[in-house]
There are 2 protein chains.
Amino acid sequence: MVNEYPSSRAEVIELMRDKGVNPTQQRIDIAQALFAKPQHLSADQVMSLVNQQRAAVSKATVYNTLGLFARKGLVREVIVDPSKVFYDPTMSPHHHFYNIDTGELIDVESGHFELSQFPPLPEGTEAEGVDVVIRIRNSATH
Amino acid sequence: MVNEYPSSRAEVIELMRDKGVNPTQQRIDIAQALFAKPQHLSADQVMSLVNQQRAAVSKATVYNTLGLFARKGLVREVIVDPSKVFYDPTMSPHHHFYNIDTGELIDVESGHFELSQFPPLPEGTEAEGVDVVIRIRNSATH
DNA sequence: CTGTGTGCAAAGCTTTTGCACTACT
DNA sequence: AGTAGTGCAAAAGCTTTGCACACAG
């Protein structure tokens, strides 16, 4: 298993400290929801999960915290749907199937892809990452 | 040159008819803005372009028309920025650099990539397309 | 007590919806 | 006249901003 998800509260806090994120109560709640298992959650879904347990974390805090986590390298932002961003706790290199019929997002092991010749980058820039999304649809549908 | 962009009004109308899009005045205006040259425009930018020439096309019509064009295969939606969709008049298979510092979007010739082994699709689905985005940033920046 | 960092209500943008209107049959 | 398709004002939804509050030094 490439990714070890922190399961206990203590492990979550340790990971946050490693990544330079101050572990406050709201952030711990949000991180625990994300790292519960491999999954792809929208900000809205994260908020539902968090607020069904403890009292309340505001929408703004959920958004700001997810953005912070992404910048700090705790989670990955997956941009496939114009209407919302998904957050992916799996940080190892991998790509995604995106089912345009169901909105479902599925991890694809990296290694299926070969960048035969990495295209020359524009002058004065460096690569930050490569995102591959394979859009799929249900066969029955047309 | 792989893509021939319709340059005259007549050519734009012909292309729309080919693709099964009823060529109304608003749609022609929008199509002409898009096909003026290879570029990546947001809905907002399209509206500015269209409305600086003729009187006025509403925001809603711009959005609805761009969505229609994308479904009909006149333009391609490029989803790289959570905040907005870009529309790309180049329909030949290609990928994109996305400069996260400047928001700039640059075409990359396809062919740099090799799908060594296409990953097995989930049961009951078929591939619709593959999007590859190489995120880059300015070297100076950190 | 001061300064940095955090959380959230309210504001801002992009996009979608529902309905009036148009243009064919 | 009836019907299918078009355009837009208003509504909705996702995300960011600006400020009040909390906490460490």
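On a predicted model such as this, the values are computed, not experimentally measured, just so you know. Protein chains get the first letters and strands the later ones, always in sequence-line order, with residue 1 at the start of each.
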Completion exercise
Separation of C/dT6 atom P from A/Ile28 atom CD1, nearest Å, is 12 Å
Fill in the blank from the handout: Contacts of A/Asn64 and B/Arg27 projected onto DNA chain D by closest heavy atom; the upstream (5') one is B/Arg27
Problem - Reference residue A/Asp29; test side-chain hydrogen bond (donor to acceptor under 3.5 Å, both in side chains); the match among A/Arg27, A/Gln26, A/Gln25 - result: A/Gln25
Exercise for the section: Select base, sugar-phosphate, or nothing to describe what A/Thr65 touches, counting heavy atoms under 4.0 Å on all strands. Expected result: nothing
Handout entry: Rounded interatomic separation in angstrom, taking CZ from A/Phe86 and C1' from D/dC14
Key = 13 Å
Exercise for the section: Could you grab the distance from atom CD of B/Glu77 to atom CG of B/Asp131, nearest 0.5 Å is fine? Expected result: 10.0 Å
Problem - Rounded distance in Å - CG (A/Asn51) to P (C/dG7) - result: 13 Å
Exercise for the section: Please work out if B/Asn22 contacts a base, only the sugar-phosphate, or nothing of the nucleic acid, heavy-atom cut-off 4.0 Å. Expected result: sugar-phosphate
Completion exercise
Atom CD of B/Gln25 and atom P of D/dT6 are separated, to the nearest Å, by 14 Å
Practice task
Quickly work out the A/Gln45 CD to D/dG13 P distance and round it to whole Å.
Solution key: 15 Å
Completion exercise
With the side chain defined as heavy atoms from C-beta on, B/Ser58 is closest, among D/dT6, D/dA9, C/dA9, to D/dA9
Problem - Phosphate OP1/OP2 of C/dT14: any A/Ser83 side-chain N/O under 4.0 Å - result: no
Handout entry: Atom-pair distance (CZ on A/Phe69; P on C/dT6), nearest Å
Key = 11 Å
Handout entry: Nearest-0.5 Å distance, NE2 of residue B/His96 to CG of residue B/Asp107
Key = 4.5 Å
Practice task
With the side chain of A/Tyr63 defined as its heavy atoms from C-beta on, choose the nearest nucleotide among C/dT16, D/dC8, D/dT16.
Solution key: D/dT16
Problem - Protein-nucleotide distance (A/Leu66, atom CG; C/dG7, atom P), rounded to Å - result: 12 Å
Exercise for the section: Scan A/Thr61 against the nucleic acid and name what it touches under 4.0 Å (heavy atoms): base, sugar-phosphate only, or nothing. Expected result: base
Completion exercise
When rounded to the nearest 0.5 Å, the distance separating OG1 of A/Thr61 from CD1 of A/Ile30 is 7.0 Å
Exercise for the section: Just compare C/dC8, D/dT15, C/dT16 and give me whichever is closest to any side-chain atom of B/Ala60. Expected result: C/dT16
Fill in the blank from the handout: Output for pair (A/Met91 CE, A/Lys19 NZ), nearest 0.5 Å, gives 6.0 Å
Handout entry: Atom-pair distance (CD on A/Glu77; C1' on D/dT15), nearest Å
Key = 11 Å
